[in-house]
2 protein chains.
Amino acid sequence: MATFVYDFAEGNKDQKDLLGGKGANLAEMTNIGLPVPPGFVISTDACREFMATGRHPDTLAAEVTAHLATLEATMGKRLGASDDPLLVAVRSGAKFSMPGMMETVLNVGLNDASVHGLADSAADPRFAWDSYRRLLQMFGGTVMGVEHDVFADALDELKAGKGVTADTDLDAGDLEGLVATYQKLIVEHAGREFPQDPREQLDLATTAVFESWNTDRARLYRRQERIPDDLGTAVTVIAMVFGNRGAGSGTGVAFTRDPSTGAQGIYGDYLENAQGEDVVAGIRNTLPLADLERIDKTSYDELLRIMELLENHYDDMCDIEFTIERGKLWMLQTRVGKRTPEAAFRIARHMLAEGIIDDDEALRRVTGAQLAQLMFPRFDAEAERDLLATGMGASPGAAVGKAVFDSATAVAWAERGEDVILVRKETNPDDLHGMVAARGILTSRGGKTSHAAVVARGMGRTCVCGAEALDVDTRAKKFTTREGRTVAEGDVISIDGTTGEVLAGAVPVSPSLVVRHFEGEHDEDPLVTAVADTMARADSVRRLRVRANADTPEDAARARRFGAEGIGLCRTEHMFLGDRRQLVEDLIVAESTEAQGTALAALLPLQRQDFTEILEAMDGYPVTIRLIDPPLHEFLPDLTELSVKVALAEAAGNADEHDRVLLEHVKRLHEQNPMLGLRGVRLGIAIPGLFEMQARAILEAAADRRAAGGDPQPEIMIPLVASVREFEIVRRRIEEVAAEIEAERGAVSHKVGTMIELPRAAVLADRIAKSAEFFSFGTNDLTQMTWGFSRDDVESSFFSTYLENGVFDVSPFESLDTLGVGSLVRIGFEKGRSTRPDLHVGVCGEHGGDPASIHFFDQVGLDYVSCSPYRVPVARLEAGRAALTYR
Amino acid sequence: MATFVYDFAEGNKDQKDLLGGKGANLAEMTNIGLPVPPGFVISTDACREFMATGRHPDTLAAEVTAHLATLEATMGKRLGASDDPLLVAVRSGAKFSMPGMMETVLNVGLNDASVHGLADSAADPRFAWDSYRRLLQMFGGTVMGVEHDVFADALDELKAGKGVTADTDLDAGDLEGLVATYQKLIVEHAGREFPQDPREQLDLATTAVFESWNTDRARLYRRQERIPDDLGTAVTVIAMVFGNRGAGSGTGVAFTRDPSTGAQGIYGDYLENAQGEDVVAGIRNTLPLADLERIDKTSYDELLRIMELLENHYDDMCDIEFTIERGKLWMLQTRVGKRTPEAAFRIARHMLAEGIIDDDEALRRVTGAQLAQLMFPRFDAEAERDLLATGMGASPGAAVGKAVFDSATAVAWAERGEDVILVRKETNPDDLHGMVAARGILTSRGGKTSHAAVVARGMGRTCVCGAEALDVDTRAKKFTTREGRTVAEGDVISIDGTTGEVLAGAVPVSPSLVVRHFEGEHDEDPLVTAVADTMARADSVRRLRVRANADTPEDAARARRFGAEGIGLCRTEHMFLGDRRQLVEDLIVAESTEAQGTALAALLPLQRQDFTEILEAMDGYPVTIRLIDPPLHEFLPDLTELSVKVALAEAAGNADEHDRVLLEHVKRLHEQNPMLGLRGVRLGIAIPGLFEMQARAILEAAADRRAAGGDPQPEIMIPLVASVREFEIVRRRIEEVAAEIEAERGAVSHKVGTMIELPRAAVLADRIAKSAEFFSFGTNDLTQMTWGFSRDDVESSFFSTYLENGVFDVSPFESLDTLGVGSLVRIGFEKGRSTRPDLHVGVCGEHGGDPASIHFFDQVGLDYVSCSPYRVPVARLEAGRAALTYR
């Protein structure tokens with residue numbers, strides 16, 4: 001027969017799946033001899049059965065009875081007995097701590113009879129009635145579904161009638177009256193009486209915990225955090241101890257290290273004569289934990305001993321809840337404490353120095369996502385903050401700008417050079433151009449998978465979403481806070497994409513200390529030291545090399561400072577923009593091969609100069625240069641815009657001949673689906689001379705660099721290859737160019753390889769590897785082709801729907817779809833290596849900088865990842881962490 | 001040591017790889033005792049070594065010497081001896097007969113001395129000098145590279161000087177003088193003397209044969225016919241026999257059956273006192289073969305005996321060349337004869353009836369491509385044809401229309417209802433709209449892989465390309481034939497896409513008898529009988545079922561008449577066009593869910609009616625209906641056109657509000673890459689109610705049909721699925737609709753399955769098959785995504801370049817890319833079946849009607865193919881043939 005209930009003494013900290021985090025840690029503390037009130041746990045198995053059947057397992061009641069009997073025997077009291085009653089707290093506790101679940105119900109066991117027994121045994125009627133009204137309030141609200149305001153209003157009314165302001169000004173008689181009022185209110189709002197039977201109270205509270213697993217907020221949170229829906233929650237039933245029994249009593253929370261900065265030394269708050277909920281409610285000001293030494297040195301010393309013991313036992317910073325009842329210290333909860341990214345880095349390094357954890361564990365304790373957060377500019381910690389509301393931090397960063405309420409204004413103002421924050425109730429595909437123009441996006445609705453959040457993350461814009469306290473009125477072009485403050489179009493606001501804060505005015509922004517460090521500046525700062533030490537360790541253990549995607553000498557130099565070991569993707573199309581657009585236009589409109597040749601010849605020296613500078617910036621490291629990929633019409637004006645312009649000019653009788661000719665070419669080159677059109681290697685084959693010009697520019701640049709004493713390592717990469725024949729046609733042309741240059745200036749060392757970015761290239765990689773000297777997975781295009789959607793078109797149109805419907809957990813452009821796209825990466829890698837065992841293989845899609853994807857690439861066995869310069873440190877760190885996992 | 005030379009007696013007919021077709025068949029005839037002049041074959045191995053090294057294999061000369069000695073011993077003569085010389089013919093002979101290769105050199109062994117020996121031994125000086133001048137002419141032209149006209153001009157001059165017109169009017173003295181002239185001309189044009197050494201003649205002729213393997217024309221032909229470049233050719237050396245030795249001599253060609261109609265009975269031509277080249281040159285009119293009976297009954301009877309023997313020996317219709325020298329019959333060549341599609345069908349059935357071949361072999365002897373040719377309308381066989389020129393038949397059919405010379409005119413004239421033929425030197429992507437508008441396309445340049453040919457085949461337009469005899473002048477809007485005839489814009493021409501003929505005027509077109517037969521008309525015709533018998537056999541052996549792609553009741557009914565066993569793809573988007581476009585527009589511009597609902601409700605009864613009629617037409621067979629696939633903006637006007645219209649109207653101050661609103665929606669729905677956008681299952685998930693309306697229409701139609709006593713078998717197919725979750729979301733919605741209908745009208749039997757048309761669906765097919773009841777491979781989209789190009793965009797822009805460069809042998813949209821796309825089909829099939837062993841799997845891309853692809857699908861193990869109604873008979877035939885291959 002299945003077991004559903006466990007005494008604390010029967011469990012341990014590794015049983016979070018079964019007992020929930022809270023229950024498992026209470027069991028652990030019990031077993032290592034810490035002072036934990038006795039109790040038991042109703043397991044997640046029971047919750048899962050409840051979710052499946054809608055009722056408690058048949059045998060649960062008998063098990064609870066048995067464990068309750070043990071508890072009563074231990075305590076020498078009976079639950080809710082009318083003389084000296086045993087009271088219990090009923091608490092939810094899932095594997096992962098989760099907002100939206102039911103809160104604690106304290107003082108279960110009190111009723112109209114046992115309240116007198118408690119008053120007698122404690123010799124404190126006020127305490128007894130206060131405990132009873134707290135039970136009614138919590139149980140009425142959480143279990144019976146009465147709005148919490150109903151109780152709060154009654155309490156306020158009582159205090160107002162008595163002319164007092166603090167709860168503590170109410171005496172036992174007042175509270176007895178309040179109990180009667182609460183009981184009436186419960187009947188009125190819930191339609192039934194508060195249950196007097198203590199066991200019924202316990203069972204109903206258990207059901208309420210089970211049901212709270214599926215509140216909307218809990219489900220939303222789980223989806224955001226990718227927590228499976230079928231875990232279920234446990235229920236902890238623990239004997240009550242009371243911090244609210246006078247001067248020798250109190251309650252507190254503590255951390256074994258500072259969870260905000262990571263500084264060594266205990267950290268926490270204490271509140272005399274109070275229960276835990278009072279600390280949270282902020283009714284009175286808490287004291288710093290250190291003050292406890294003065295108040296109750298015995299308990300304080302005991303607490304410090306326990307905290308040290310716990311940190312050593314858990315080998316990590318712990319977060320603790322405790323209560324002192326008349327000089328007796330009780331531990332009510334512990335867990336590994338949450339911490340800021342800064343604290344994570346500092347604590348890990350300190351613990352390593354203290355010998356608590358080893359080098360590997362110190363590396364496991366920090367993540368690339370934390371490092372990335374440390375690299376965003378932040379609002380000055382010292383600056384004053386005028387908080388308007390807090391939403392969800394959906395895309396990190398610190399953005400300051402004038403509030404605008406529609407996309408057209410965002411675009412118009414941005415064009416005249418102003419920073420704007422686009423404020424909407426929620427965004428939709430029509431807002432795309434406004435989102436592009438804005439520094440940040442703020443919405444009052446929607447979560448981390450909303451359109452605004454998905455698109456903002458995709459384009460790297462700071463975003464706060466779901467700031468529900470704001471009433472956004474797009475017609476009136478303003479929003480109003482809960483406090484009635486109004487922000488109108490043009491008013492400056494600041495939004496923090498990490499914390500979700502919405503702030504009035506322009507909050508000063510500081511650059512990241514960590515970025516300054518990577519840039520080579522020498523700040524004396526504990527965080528910088530911790531990050532530097534961590535990166536050194538990651539670099540020493542990682543197998544994956546890290547390169548950068550960089551198209552300019554500046555980006556290449558920055559990437560190198562950030563630790564890049566080469567360039568994995570240097571796109572050459574950006575070099576065709578700006579001043580050179582005219583040359584490209586000449587190439588496109590050229591009517592003859594000669595005219596094309598002239599245009600290409602004009603581009604050659606410019607391209608050569610680009611490559612010389614990039615090779616110089618990355619001297620000694622490989623530089624993978626991708627031949628031009630996008631269709632040529634991308635260098636020409638938009639078809640619709642130009643058509644309208646020409647039509648209007650013709651109607652007005654002042655047609656421009658250049659425009660008219662250009663329009664012909666735009667029409668000629670127009671494609672229904674440019675992503676699936678004449679681009680990449682197809683362009684290179686269709687326009688003889690184009691790739692040859694680029695190859696010449698690369699190899700001449702390398703020859704120049706060598707002549708200047710450098711160590712250039714160019715790798716020429718052919719994009720969009722689907723067949724070995726395409727690759728060979730282009731490779732042959734490149735080798736002809738190389739032979740010409742060799743004849744003049746000696747052989748220039750170089751490699752010729754290909755992108756693997758089409759499904760066909762992946763499944764035929766064994767053939768392609770016969771000819772290609774290296775592979776680089778272009779996971780952006782590979783994702784597009786494998787799923788059959790283009791990022792430009794769909795991220796904005798249906799990704800939020802897909803995230804909400806659970807088709808994705810995360811956009812496959814953010815984090816590699818390891819199941820689908822990943823299986824093609826694995827096939828391509830394995831087939832490539834089967835032909836050429838020393839084939840060098842990397843990845844240059846944006847996934848190269850995504851932590852989960854990096855772990856996958858390491859597991860598959862790739863040689864390197866390449867990502868944007870700012871992601872290089874993240875990739876180095878995650879490559880180090882991945883090496884710990886898959887070795 | 002490798003052997004390079006084989007006597008005829010050492011080979012047989014199965015050694016075409018080694019001896020070439022001609023050599024292998026001469027060997028075969030020798031060995032079955034037929035009168036073949038003795039000789040030997042220099043093998044393709046020698047040619048391959050020559051191609052690799054540029055010279056003859058080291059041991060070849062010695063081998064030739066040895067075999068020549070045997071030949072001389074057999075004949076009792078020595079090559080080129082000055083008394084009674086042995087003469088030989090040197091002939092090329094590859095595995096596949098191929099235009100562009102070197103022609104025969106006859107009379108090798110004659111020189112200034114042996115010509116006298118020949119004259120003496122034959123007692124015929126004129127014959128000797130005529131033979132010598134023929135050698136000089138052939139050798140000088142073919143081996144020594146002198147233009148053939150040089151010799152023709154000298155001959156003409158001689159005849160003019162003598163005042164005669166026929167070669168036969170020249171006497172021995174004239175010819176002796178001509179020999180001297182030819183020798184001088186050779187020195188003049190080739191820069192060296194005609195070699196007097198007979199062995200040198202033989203060796204140079206051999207080299208010339210080897211070199212002719214790589215002429216431009218031979219290479220082009222091989223690419224078109226997909227013949228590997230590395231086969232090489234053999235060289236046949238055969239003792240000369242002479243048909244030109246007077247009245248008892250002659251030469252002829254014969255077929256054992258009529259190669260044009262397939263009719264039984266011998267068929268051929270005979271020319272008295274002539275050599276083979278005279279027949280080809282058409283100098284004198286040939287006699288029907290039957291006349292030989294009168295001229296030389298002994299030889300005639302002998303020939304008939306041999307022909308019967310050969311047909312029985314080869315089990316097929318044979319094509320024969322023979323010579324009679326002074327009453328002695330010699331066989332010079334035989335091979336399985338080429339034949340028209342009509343002949344192929346009739347001969348196969350006759351031979352089956354005669355017991356020469358069995359049922360399987362009769363089926364192997366015909367192809368789907370031949371059947372397809374028989375299904376095109378043809379120009380009346382009886383009609384007069386006024387031939388202007390002959391090009392390449394690049395895309396079959398018979399097209400009649402007014403010649404136009406630019407695409408704009410083609411479009412304009414077609415719009416006013418005229419049939420036009422677009423005539424260009426060659427086409428390029430700019431001509432696309434003109435090609436769409438035209439009935440046929442005619443070009444003067446380019447082969448079967450040219451832009452015109454590729455695009456025309458892709459869109460099913462009749463096309464003749466490479467009609468080099470035409471001088472096309474697009475500026476003057478006319479073309480001129482080699483004879484100086486002119487066709488101007490507006491003149492009617494007819495083009496035959498099968499034969500490549502370009503004809504003046506409107507040639508009457510007849511419908512295909514075979515199509516009339518499939519349509520159920522009862523023509524008494526031997527061809528119809530042969531096709532019907534063949535189809536019956538194919539149907540009885542094939543494992544693959546054949547369905548049709550049909551969107552209308554008319555197409556469904558036709559497909560059924562053509563033998564379809566259900567519908568594999570009923571597209572529903574076509575049902576949203578025409579009168580219903582307004583309803584779809586209402587749906588798209590609907591501002592509220594209610595308005596959307598109203599628009600959908602209006603579409604429901606119309607859709608239901610569509611499905612009722614289609615289910616009725618296919619009663620008793622499965623009908624797979626694909627829910628709407630294309631993006632909604634396809635139902636709205638083009639963005640650029642509407643933008644121009646609105647801009648012009650606004651400029652003129654008469655803007656139309658409806659247009660303006662519509663433009664907003666067109667902009668909202670505009671996608672950069674609609675193929676990769678909001679379509680298929682994505683649309684179904686994003687627009688609640690749309691798929692549900694379609695599912696309701698399908699299931700209600702099925703319920704109606706059942707109520708009417710029918711046997712409807714609807715299968716609902718979800719397009720563009722990439723993940724099991726997408727499929728399940730839609731399937732759940734469909735099942736909800738089904739449950740509602742079941743509650744009202746009882747359960748409606750149906751299946752819900754998916755297209756496999758994205759690479760991701762193929763690699764995750766095992767997961768998708770858990771939920772999907774059937775798969776249908778959409779190989780069009782799968783090809784697009786696997787290669788990363790869209791048919792619309794690229795077929796016109798670079799496919800001809802790719803065909804010319806050998807990236808494809810054939811467009812992957814015409815014939816499945818079995819290597820790349822096919823490997824995903826195989827993965828998807830195997831994974832799907834691994835989860836659901838009885839999963840029903842078909843294919844509904846256009847490849848379902850392509851012969852090579854059908855063989856692949858049969859091999860993989862699919863259950864059925866589906867193709868356009870007109871391809872159904874082709875698919876049935878090829879499915880039958882495939883069953884013979886893979887069993």
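Each chain gets a letter, A, B and so on, in the order its sequence line appears, and its residues count up from 1. These numbers come from the heavy atoms of this one structure, side chains and all, not from hydrogens, waters or symmetry mates.
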Could you tell me which of B:Leu642, B:Asp817, B:Val646, B:Asp638 has the largest number of non-hydrogen atom pairs under 4.5 Å with chain A?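 Highest number of heavy-atom pairs under 4.5 Å: B:Asp817.
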Among the options B:Ile685, B:Asp781, B:Leu720, pick out the one with the most heavy-atom pairs lying under 4.5 Å from chain A.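 Top option by heavy-atom pairs under 4.5 Å: B:Ile685.
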Return the [atom1] to [atom2] distance between [X] and [Y], rounded to the nearest 0.5 Å.
X        : Y        : atom1 : atom2 : answer
A:Thr640 : B:Leu663 : OG1   : CG    : 9.0 Å
A:Thr801 : B:Ile729 : OG1   : CD1   : 10.0 Å
A:Thr783 : B:Arg760 : OG1   : CZ    : 9.5 Å
A:Asn428 : B:Arg668 : CG    : CZ    : 8.5 Å
B:Thr786 : A:Leu824 : OG1   : CG    : 9.0 Å

Quick check on the structure: residues of residues 670-677 of chain B within a heavy-atom distance below 4.5 Å of chain A, by number. B:Glu671, B:Gln672, B:Asn673, B:Pro674, B:Met675, B:Leu676, B:Gly677
Can you see which heavy atom on [X] is nearest to which on [Y], and at what distance?
X        : Y        : value
B:Ser723 : A:Val807 : OG-CG1, 3.5 Å
B:Pro759 : A:Met785 : CD-O, 3.4 Å
B:Val763 : A:Gly820 : CG2-O, 4.0 Å
B:Ala647 : A:Val644 : CB-CG1, 3.5 Å
A:Leu648 : B:Ala651 : CD2-CB, 3.7 Å

Residues, nucleotides or ligands: over 12 heavy atoms within 6.0 Å of A:Arg767 CZ: no
State whether the number of non-hydrogen atoms from other residues, nucleotides or ligands found under 6.0 Å of B:Lys645 atom NZ is greater than 12.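 At most 12 heavy atoms, drawn from other residues, nucleotides or ligands, come within 6.0 Å of this atom.
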Between A:Gly680, A:Gly806, A:Ala722, the one whose heavy-atom pairs under 4.5 Å with chain B are most numerous: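 The candidate making the most pairs under 4.5 Å is A:Gly806.
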If you count heavy-atom pairs under 4.5 Å with chain B, which of A:Leu669, A:Val821, A:Leu639, A:Leu678 comes out on top? A:Leu678
Where on [X] is there a heavy atom nearer than 4.5 Å to chain A: the side chain, the backbone, both, or neither?
X        : answer
B:Arg679 : neither
B:Val681 : both
B:Leu819 : both
B:Ser643 : both

So which of B:Arg682, B:Arg725, B:Glu726 actually passes side-chain hydrogen bond (donor to acceptor under 3.5 Å, both in side chains) with A:Tyr802? B:Glu726
